[in-house]
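These notes concern the structure reproduced below.
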Amino acid sequence: MPITVANHPLSHHYLSILRDRSTDPQEFRHTSRRLAYILLMEATAEATLEEYGLETPLIHTTGLRLARPVVAVAVLRAGLGLIDAVIDMLPDVAVGYAGVQRDEETARPMEYYTKFPAMEGRLVLVLEPMLATGGSLAWAVERVKAAGAEHIIALCVVASPEGVERMNTEHPDVKVVTAAVDSHLNDHFYIVPGLGDMGDRLFATL
């Protein structure tokens, strides 16, 4: 499974703000959006382009545009922290949602809602900020594949080695783009050093 760790200075800067327990929800949301721009740039760095004719104020010339339409699937809740940046950068993006929550005792995903646009022939970006055990992301990828997705990239803020290994085992064809691969999972299946529960920090439900 290909994995890309964003190594831009601003990526490190924004991730450190997200890690800081003193960052309030408003700043946490703004910073998540800024980091998402960088992750999206990394995710689309090798996107296929097609040529088309256009008129500049001076001459007729050739322009380039994305050859494949894009779908973004936000894994609820935390994926909502990345979706606005994707819409900003790709205004024509089609948006889907995958509702899953973690069983706090088993860390296994529990589905409660899915709504997807057409997937066939599109680049599908799965927005799952926390790749911890890998259960939620693996489940979301399985669901979008069942809906017809073939070209899939996952955008994560932080990943654990355990989550990366699970994705490598279950979905080796899916590229993962993340701001960091952290040390390990603790006994409660939280990423260490991590940044806590991203959904709670985004929506002030601590």
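All values derive from a computational prediction rather than experimental measurement.
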List, one per line, each side-chain donor-acceptor pair under 3.5 Å for residues 86-94, sequence neighbours excluded.
from	atom 1	to	atom 2	distance (Å)
Asp88	OD1	Arg33	NH2	3.2
Asp88	OD2	Arg33	NE	3.2
Asp88	OD2	Arg33	NH2	2.5
Asp88	OD2	Tyr37	OH	2.5

Minimum-distance pair of heavy atoms, taken over all atoms of Gly199 and Thr205: O-OG1, 4.1 Å
For Pro129 against Ala78, the heavy-atom pair lying closest together: CG-O, 3.3 Å
Gap separating the CG atom of Leu35 from the CG atom of Leu10, nearest 0.5 angstrom: 9.5 Å
Connected via hydrophobic side-chain network under 4.5 Å: Tyr97 and Val73: no
All pairs passing salt bridge (Lys or Arg N to Asp or Glu O under 4.0 Å) where residues 126-155 contributes a residue, at least two apart: Glu111-Arg143, Lys145-Asp173
Pair His151-Arg68, side-chain donor/acceptor within less than 3.5 Å: yes
Side-chain touch Pro69/Leu123, heavy atoms, less than 4.5 angstrom: no
Shared hydrophobic cluster, Met167 / Val5 (ILVMFWY, side-chain heavy atoms < 4.5 Å): yes
Side chain to side chain contact (heavy atoms under 4.5 Å, CB included) assessment of His12 paired with Asn7: CA-CA 7 Å; His12 299 299; Asn7 196 31; 2.9 Å; yes
Derivation of the side chain to side chain contact (heavy atoms under 4.5 Å, CB included) call for Cys156 and Val177: CA-CA 6 Å; Cys156 306; Val177 176; over 6 Å; no
Side chain His188, main chain Tyr190, donor-acceptor under 3.5 Å: no
Evaluation steps, side chain to side chain contact (heavy atoms under 4.5 Å, CB included), between Leu131 and Val176: CA-CA 10 Å; Leu131 177 52; Val176 172; 4.2 Å; yes
Side chain proximity check, Val158 to Leu195, heavy atoms < 4.5 angstrom: yes
Nearest-0.5 Å distance that lies between atom CD1 in Ile152 and atom CG in Leu125: 10.5 Å
Phe203 six-ring centre to Arg77 NZ/CZ under 6.0 Å and within 45° of normal: no
Where Ala118 and Arg122 come nearest, the two heavy atoms and their spacing: O-CD, 3.3 Å
Thr31 versus Glu27, side-chain donor and acceptor atoms under 3.5 Å: yes
Single-linkage hydrophobic cluster, 4.5 Å side-chain cutoff, Ile83 and Val141 together: no
Atom CD of Glu46 with >12 non-hydrogen neighbours under 6.0 angstrom: no
Check: Ile191 main-chain N/O paired with His184 side-chain donor or acceptor under 3.5 Å: no
Interatomic distance, Met198 atom CE to Leu82 atom CG [nearest 0.5 angstrom]: 5.5 Å
Over all atoms of both residues, closest heavy-atom pair of Trp139 and Tyr113: CH2-O, 4.5 Å
Side-chain donor or acceptor of Ser32 paired with backbone N/O of Gly81 under 3.5 Å: no
Polar side chain donor-acceptor pair, Asp182 to Ser160, under 3.5 angstrom: no
Connected via hydrophobic side-chain network under 4.5 Å: Val75 and Phe116: yes
Side chain to side chain contact (heavy atoms under 4.5 Å, CB included) between Thr62 and Leu54, intermediate numbers included: CA-CA 6 Å; Thr62 299; Leu54 62 85; over 6 Å; no
Nearest-0.5 Å distance, CG of residue Leu49 to CZ of residue Arg65: 11.0 Å
Heavy-atom pair of closest approach, residues Pro161 and Val181: N-CG1, 4.1 Å
Glu50 CD: over 12 foreign heavy atoms closer than 6.0 Å: yes
Shared hydrophobic cluster for Met130 and Leu80 (ILVMFWY, side-chain gaps under 4.5 Å): yes
Ile17 backbone acceptor or donor facing Thr23 side chain under 3.5 Å: yes
Side chains of Leu185 and Thr133 in contact at under 4.5 Å (non-hydrogen atoms): yes
Considering all heavy atoms, the nearest Leu15-Ala180 contact: CD2-CB, 3.6 Å
Polar side-chain atom of Arg29 near backbone of Leu202 as donor-acceptor pair, under 3.5 Å: yes
Value rounded to 0.5 Å, distance of CG in Leu39 from OG1 in Thr178: 7.0 Å
Basic-acidic side-chain contact under 4.0 Å: Arg201, Asp20: no
Interatomic distance, Leu40 atom CG to Ile38 atom CD1 [nearest 0.5 angstrom]: 11.0 Å
